[in-house]
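Read the structure below first, then the notes.
One-based numbering, in listed order, for ligands and for the atoms of each.
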Amino acid sequence: MYKNYIDGQWLDGASAHANVNPSDTTDIIGHYALADAAQAGQASAAAHAAAPRWAASTPQQRADALDKIGTELLARREELGLLLSREEGKTLPEGIGEVTRAGNIFKFFAGEALRQRGDKLASVRPGVEIEVTREPVGVVGIIAPWNFPMAIPAWKIAPALAYGNTVVFKPAELVPGCAWALAEIISRAGLPAGAFNLAMGRGSQVGQAMLDDRRIAGISFTGSVATGGRVAQAAAQRLAKVQLEMGGKNPMVVLNDADLEVAVECAVQSAFFSTGQRCTASSRLIVEEGIYARFVERMQERTAALRIGHALDTGTDIGPVASGDQLEQDLRYLAIGREEGARLVCGGEHVTRATPGFYLTPAIFADCSNDMRICREEIFGPVAAIIPARNYEHALELANDTEFGLASGICSTSLKHVQHFKRHAQAGMVMVNVPTAGVDYHVPFGGRKGSSLGPREQGTFAAEFYTTVKTAYVAG
Ligand code: NAD
């Protein structure tokens, strides 16, 4: 039984649930505690009580703790990567890559803990000096999704602690294994009791209790648009600080002058790797008429060659869908695409393998129009829609015609079009001749329109959410 970590103690939950491997549903990874609203309250109380002490910690203490966590994650990347892949279903190289990223994030913020600075300015009034400094927000509630069970918690917990906040962390129900392993490492990093708390449990109970708890001064949420809306409403009601990262319907534009192989590789990587379950996945491939037929043909060939299988098998390119519910959602959208008249070029089949799991072959719909539901709503699975465009201007218009704005990509060898696209793509991140999915850990991450709300995550920009600014006027 894996327990919750509250106020420096490992505690049983109100109930427990089994963590199932999506590559093999007979493989139970472990039984994990489920907190209820009362236990979530205990976690908030502990974080609240620990806040003054951690806020007063020295930069060296914070840097040492974060560096220790990062070092252990990197040293154990293979073992933890295996746990991640077993639990979430992405392939083993992807799992190890994600743990490596999480380790690097803790190391980055260990450095940031030492680089906290302010400004000193002369006042417009004689004899007065001004100091602008940053202070911790207080208790930060972290609510995470299941698709990056190590990296997303890392990129929220590391800056929270680096800037002197205390934490209540609620992982997604599907991935308690990574959350527990991360919490166990953090529990040995030398933080005071209560500075970091793990409350595994359901969104409707633990998550909701966190949203309603006035001791939690800021909520950093990543997940679906529907839940994000609820988080924003609850935060607005009690005027809590909030940061939301939500869905995407990311376009990738392919122009006639693109290198076809580069474009196909970018599209396959972005649309299907990690089983298409990435917020930055390219789910709309917008292709200019002159290259359209060749692009569809090469996409079909390349996609058909992908090996779909057990996440831990050597040679698997695409692991299973993460859960039965997610598989049902993908199959529902595949049916919708067919009903809407999109042409299914390949894939979309629920297939069996040696072990019982949620296996789905990557699907390509061609000849789509941007007003179809499969082009407007986030499916969050290995399903890509190819949309024809008359020319660059039309492609840009289609790319921006979405309520989302996370990542936007272009494959082209035209400097003129690339430069124009960089300026006019309505997205937080623009990718040129690289996949839309796959970002660095030391630069800002986030979107605009319906994809994000509040300050950016990661890199030095993380300070915007995890600190509050104070302006001091001193006479004399
Ligand atoms: P989800 O919204 O179902 O759940 C996210 C988290 O919110 C979970 O921990 C869940 O338990 C919690 N939650 C649910 N109801 C709640 C409530 N009433 N109050 C408080 N918390 C509640 O999302 P998911 O299915 O876990 O993740 C997939 C989604 O995440 C996709 O839409 C994807 O695009 C998005 N995502 C976005 C980014 C990004 O950075 N933009 C990154 C990864 C995933």
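Taking a heavy-atom cut-off of under 4.0 Å, ligand 1 is surrounded by I143, A144, P145, W146, N147, I152, K170, P171, A172, E173, G203, G207, Q208, L211, F221, T222, G223, S224, T227, R230, E245, M246, G247, C279, E378, F380, L406, F445.
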With side chain to side chain donor-acceptor pair (under 3.5 Å) as the criterion, how do E87 and N19 come out once you've worked through the C-alpha distance, each side chain's angles and the decisive distance to 0.1 Å?
CA-CA 7 Å; E87 163 171 88; N19 185 7; 2.5 Å; yes
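Under the 3.5 Å distance criterion, with hydrogens and angles disregarded, no donor-acceptor pair is assigned to the side chains of Q277 and S274. Judged by distance alone, the side chains of T222 and K156 do bring a donor and an acceptor atom under 3.5 Å apart.
For the residue pair E403 and K449, the shortest heavy atom distance occurs at O-CB, 3.4 Å.
Counting heavy atoms from C-beta on, the side chains of L344 and I364 never come closer than 4.5 Å.
Classification of D371 and R376 as a salt-bridged pair fails, no side-chain N sitting under 4.0 Å from a carboxylate O.
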